[in-house]
Amino acid sequence: MVGMGRQQRGASLVEVLVVMGILAIGILAFIRLYPSGFLALKRSGQSDAATRLAQQEMERLKSRAANLPRLIAPTSYDFSGSEPTLVVDPSIDPNDLGVQPNLPSGFPVQYASGVNRFRRVTGERVNLGLPGPTLGSRNELTEGIVYTTLFAPIAQASAGGVPDEYLTVTGAPMRRLILDSDYQRPNIRLFEYGIDYNAGKVLLRPLRGAPIRYLVEFSVVYVAPSGRVESLQLTEIITLPPTFPNPPTPVWVDLSIPNDIQTGVLGIAPFSDVVSRLFERLPANASWSEESPYEYKVLNALTGTILINPKASGFYERYWRGTRPLEAYVSYFVHDWSVMREEFTVPNSGRLRLAFSDLKQVGDLLDDQSTYTGMGLGSDANNNPLQADLILVDLLTGLAAYFRQGQQIPDNQLAPSLRDQLLPNLGATIDYATGSVQINNPNMRGRKVRVFYRVHENWTISVQKAADRYYLVRDPRTLTVDSCWYDFEAAYNGDTSDRARRLYFTPSESGKTVLLREYWYVDGNGRTQRGTNGVFKIRDVLEGGLAYLDLRDVHPNAARWDPGVTGQAVRGVQGLSVKVRVTHEPPGRRTRTDFDMLLPVRD
């Protein structure tokens with residue numbers, strides 16, 4: 001046969017080694033693709049989860065539009081006192097996700113950086129509906145009007161608990177009377193107050209038979225050591241003792257000014273003040289007053305659940321136009337936007353699948369090479385911050401279970417205040433890598449629970465909101481988070497520069513959308529035009545340290561404001577926008593996604 005006699009030859013050792021080397025290089029290169037591919041898939045899944053939660057948050061806020069706060073303000077820490085305190089800071093740009101400058105060494109950076117620089121929720125409206133029974137302290141049945149805040153957990157002090165400065169409940173804002181404290185002291189009523197801007201005093205009315213407390217919010221204008229005129233927004237609680245047996249007589253009270261700026265104080269910024277009557281906070285096991293509806297209790301700071309005196313339901317208070325239903329507003333600081341909040345109904349299997357995977361666990365090494373110590377909510381038995389990495393709350397009872405490294409923390413390791421609100425052992429197991437919780441206690445089947453946790457790479461879902469109303473000020477140096485200014489002199493004198501057609505705000509309002517109810521401007525032909533219900537977006541770019549909107553964004557031929565028709569070029573500036581922001585910090589970079597919506601103005 002043909003070819004049978006051919007000699008067959010095998011591959012040499014060198015050729016085999018070359019082929020093996022080429023295959024090894026190819027296989028190693030292929031294997032190296034897997035980690036980055038897995039990482040990309042994981043991040044894609046986390047991003048999808050964050051987007052779903054942000055959209056759910058937007059729908060939730062739409063459904064509770066009547067409860068939306070008056071504004072969500074930027075905050076910074078003040079270290080001038082013995083303890084750091086949170087104060088409103090309108091100089092913070094919402095696009096600045098950096099760290100507050102000049103933090104003391106060792107201070108937790110996460111509370112003073114990124115989206116956590118917008119944490120002050122002001123004037124969230126409380127529904128004073130019908131009271132009902134609920135579980136209070138030690139599972140005892142109590143009655144009251146239950147309300148759960150839009151955002152939670154509520155910030156807690158370093159020693160645990162929620163101080164008055166971090167959560168307040170007030171009545172509706174009172175009627176303002178601008179007075180001279182040297183010559184005027186009218187017999188004001190409980191729904192009124194007087195203020196002397198130059199002297200820095202307020203006129204308040206006491207009660208005859210009981211103490212009364214007022215919450216006073218105002219901005220003080222002062223000359224800083226640098227020589228610049230600046231403003232500082234302050235909040236003060238003023239308590240007036242009962243006057244019995246004498247009749248109640250209004251008294252002038254000096255507003256407290258921080259010592260470090262007292263020498264340079266110029267006065268109170270006009271119209272920056274809001275005064276409201278404070279509701280009294282009672283211990284959880286205290287009895288309600290039979291006379292005063294101005295009382296509340298904090299049932300659970302984790303869920304933001306408060307209980308209001310049942311007498312407030314259907315209660316009418318006097319007002320300058322007659323009477324009106326009692327209103328309540330809650331103001332508070334959010335603890336940390338990076339704490340994820342999810343609600344579930346526990347299924348028969350007891351298995352909860354969280355939206356995120358790769359949960360932070362106490363002891364984990366973080367990107368900055370520090371060790372994770374928990375969410376900072378609550379205190380342990382030694383009054384130190386509790387090291388819990390996951391918290392589960394029963395929404396019916398308000399009772400909670402705290403977990404560390406997959407184990408439920410026993411009650412003897414918790415502060416006494418937490419032991420009164422503790423769930424029994426859930427027999428739960430937690431898979432931090434996949435984000436799943438298995439509850440083996442059959443008594444939890446069908447219960448509605450809320451789960452709190454944090455995620456690696458610092459995922460956050462936060463909310464920002466424009467102020468309900470912005471009042472006009474005469475001097476840009478007195479601007480606050482809920483005020484605006486235009487150059488009246490430039491507009492009145494016929495100036496046609498960019499400045500003459502812009503409305504200015506503090507940097508904190510950058511990117512927000514506002515409605516101008518009524519306004520007048522001069523067009524390019526020199527004719528006065530009237531606008532109504534104009535919708536404008538405040539630009540992200542600052543001019544002279546201030547954010548602004550420009551008339552030409554809506555009216556391309558506008559030349560300047562025209563205050564000559566009514567004495568003011570703008571009447572009624574109202575905020576429209578609510579923003580849900582998702583941020584993420586993979587190593588070496590930061591991503592940000594905003595979901596904006598416009599809501600009807602609240603009258």
Side-chain angles (χ1 to χ4, degrees), residues 50 72-121 151 153-158 165-166 224-226 228 230-233 258 260 332-340 360 364-377 385 387 389 453-465 481 506-512 540-542 545-547 579-594:
I72 299 179
T75 59
S76 61
Y77 280 93
D78 180 11
F79 298 95
S80 59
S82 57
E83 290 287 333
T85 56
L86 281 165
V87 296
V88 174
D89 186 352
S91 67
I92 298 175
D93 188 328
N95 297 315
D96 178 9
L97 299 179
V99 180
Q100 176 183 334
N102 304 319
L103 287 179
S105 176
F107 188 83
V109 173
Q110 70 267 24
Y111 298 121
S113 62
V115 295
N116 277 336
R117 302 187 78 182
F118 278 76
R119 288 201 281 152
R120 176 61 176 175
V121 179
F151 313 107
I154 294 171
Q156 302 180 22
S158 56
E165 297 80 14
Y166 283 11
S226 62
R228 292 181 53 190
E230 299 181 359
S231 64
L232 176 65
Q233 190 161 342
D260 55 340
Y332 53 95
F333 291 95
V334 176
H335 173 69
D336 183 356
W337 291 115
S338 71
V339 175
M340 296 297 167
K360 288 185 179 180
D364 281 354
L365 186 65
L366 303 179
D367 293 335
D368 60 0
Q369 302 306 303
S370 63
T371 301
Y372 184 56
T373 58
M375 292 183 284
L377 291 165
Q387 294 190 355
D389 48 38
Y453 60 94
R454 282 195 183 123
V455 187
H456 277 289
E457 296 191 344
N458 297 331
W459 287 89
T460 69
I461 298 177
S462 63
V463 178
Q464 296 180 16
K465 181 185 178 297
V481 290
T506 59
S508 63
E509 305 312 291
S510 297
K512 296 175 181 175
D540 291 323
V541 180
L542 302 183
L546 297 175
K579 176 182 296 181
V580 178
R581 170 168 287 179
V582 176
T583 63
H584 168 221
E585 297 180 8
R589 61 190 181 96
R590 178 186 285 120
T591 67
R592 184 188 76 197
T593 306
D594 291 336

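A quick note: this is a predicted structure, and the numbers were derived from the prediction, not measured.
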Are the side chains of [Y] and [X] in contact, using a 4.5 Å heavy-atom criterion?
X    : Y    : result
D96  : R117 : yes
N95  : R592 : yes
F151 : I72  : yes
P84  : F107 : yes
V339 : P153 : yes
H335 : Y111 : yes
V87  : S76  : yes
S510 : D540 : yes

How far does [atom1] of [X] sit from [atom2] of [Y], to the nearest 0.5 angstrom?
X    : Y    : atom1 : atom2 : value
K512 : K579 : NZ    : NZ    : 8.0 Å
I154 : L377 : CD1   : CG    : 11.0 Å
T460 : D336 : OG1   : CG    : 8.5 Å
D89  : T75  : CG    : OG1   : 8.0 Å
L546 : T506 : CG    : OG1   : 8.0 Å
R581 : T593 : CZ    : OG1   : 9.5 Å

Using 30° and 60° as the class limits, which term best fits the ring planes of W459 and H584: parallel, tilted or perpendicular? parallel
Does the side chain to side chain contact (heavy atoms under 4.5 Å, CB included) test come out yes or no for D367 and E585, once each step is laid out? CA-CA 9 Å; D367 293 335; E585 297 180 8; 5.9 Å; no
Dump the intermediate steps for side-chain hydrogen bond (donor to acceptor under 3.5 Å, both in side chains) on S338 and R454, then the final yes or no. CA-CA 6 Å; S338 71; R454 282 195 183 123; 3.1 Å; yes
Taking all non-hydrogen atoms of both residues, which atom of L86 and which atom of R119 are closest, and how far apart? CD2-NH2, 3.7 Å
H456 and L366: CA distance, side-chain angles, deciding distance, side chain to side chain contact (heavy atoms under 4.5 Å, CB included) verdict: CA-CA 8 Å; H456 277 289; L366 303 179; 4.1 Å; yes
In V334, L97, I461, the residue satisfying side-chain contact (heavy atoms from CB on, under 4.5 Å) with V115 is L97
Would you say N116's side chain and Q110's backbone share a donor-acceptor pair under 3.5 angstrom? yes
Hey, is the main chain of Y77 close enough, under 3.5 Å, to the side chain of Q100 for a donor-acceptor pair? yes
Looking just at side-chain N and O atoms, do N458 and R590 make a donor-acceptor pair shorter than 3.5 Å? no
